[in-house]
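Counting starts at 1 for both ligands and their atoms, in listed order. Only heavy atoms go into these numbers, but all of them, side chains included; no hydrogens, no water, no symmetry mates. As the structure is a prediction and not an experimental result, all values here were calculated from the model.
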Amino acid sequence: MTGAASLRFSKMHGAGNDFVVLDLRGGLPAPTPALARALGDRHTGVGFDQLLTIEDPAQAGAVARYRIWNADGSAAQQCGNGARCVAAWLQRDGVASESMFVLEAPPGPVAVQSLGEGRYALALGVPRFEPADLPFRAEAAQDSYRFTLGGQDVVFGIASMGNPHAVVEVPDVDAADVAGLGPALQARAEFPEGVNVGFAQVLAPDRIRLRVFERGAGETLACGSGACAAVAVLARRGRIGRHVFVELPGGTLEITWPGDQSPVTMAGPTAFVFEGDFLLEQVE
Ligand SMILES: N[C@H](CCC[C@H](N)C(=O)O)C(=O)O
């Protein structure tokens, strides 16, 4: 090591949604958007969909706090796959010795249960559907909304898991114009803080396929909060049940939403990929 200032990091993924995890406990400063972009660059940095920081908790009962930055440097309010990786990191670090513990996240507390073999179940809060919760500019709350994008009529539902989601039901996710409609929806002025756009195909009452064009990262191999939002929108419409397997390109997540006022629980895998030291001289 040249002695240059560096940042120790862990590279992890949850169903292919990949992360850099930074341990900032002890009061290390939060990353700037420029540092997040430098770390996230897949050519000149480490590369990630999101950066997750582990910090000292402020809430009583929480073992740690986490925050989220997208690859474009923007801050996000929730990251389901990332939260599972934070839980795995904390268990490996010995901080979370019990199989059940609580994390502090931007929208509120997240209850964690270790399922063994790197799998974790998290309660990610009660989904909200009021336009103001996203925010989404609309006259009134509706079951679905309609935009004409590039000559196409696009019908979608909305849900907040702390972060904003639009969910488009499609007959075949493989044929969905994710790269076209994702950015087109995100660019609408009605989503002043942007939006994650999910494209969902119903296979059975307990099984859907899903692709997500994420805010600040583009299409990812999996999106945990997006899986929760897709189940919430489709279950509320009666299109599926309340215990659903969500098949994403990077893996399958198990989502349970027992009732409209219940939290959504998401269960899925985590993986450690490598550890490293990021040299800060890279950051402009
Ligand atoms: N792009 C999202 C954050 C990451 C969400 C996703 N990776 C997950 O697992 O929930 C946003 O800007 O709200």
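- Judged as a ring pair (Phe, Tyr, Trp, His ring centres under 6.0 Å), not a single pair has a partner in residues 34-78 (not counting sequence neighbours).
- Counting heavy atoms under 4.0 Å from ligand 1, residue Asn81 touches it through both backbone and side chain.
- Looking from atom 9 (O) of ligand 1 to the surrounding protein, the closest heavy atom is Gly224 N, 2.8 Å.
- Among all heavy-atom pairs drawn from Thr270 and Cys85, the shortest one is CG2-N, 3.8 Å.
- Looking at atom 2 (C) of ligand 1, its nearest protein heavy atom turns out to be Asn196 OD1, 3.2 Å.
- The closest protein non-hydrogen atom to atom 4 (C) of ligand 1 is Glu214 OE1, 3.3 Å.
- Between Phe147 and Phe156, the angle of the ring planes lies from 30° to 60°, which puts this pair in the tilted group.
- Under 4.0 Å from ligand 1, not a single heavy atom of Asp49 appears.
- Looking at Ser225 and Asn163, their side chains do bring a donor and an acceptor atom within 3.5 Å of each other.
- Within the 4.0 Å heavy-atom criterion, neither part of Thr220 lies near ligand 1.
- At the top of the distance list for atom 7 (N) of ligand 1, counting protein heavy atoms only, stands Asn17 OD1, 2.8 Å.
- Residue contact annotation: Cys223 has a non-hydrogen atom under 4.0 Å from ligand 1.
- Of the protein's non-hydrogen atoms, Ser225 OG, 2.6 Å is the one closest to atom 10 (O) of ligand 1.
- Only the backbone of Gln78 comes within contact range of ligand 1, with a heavy atom under 4.0 Å; no side-chain atom does.
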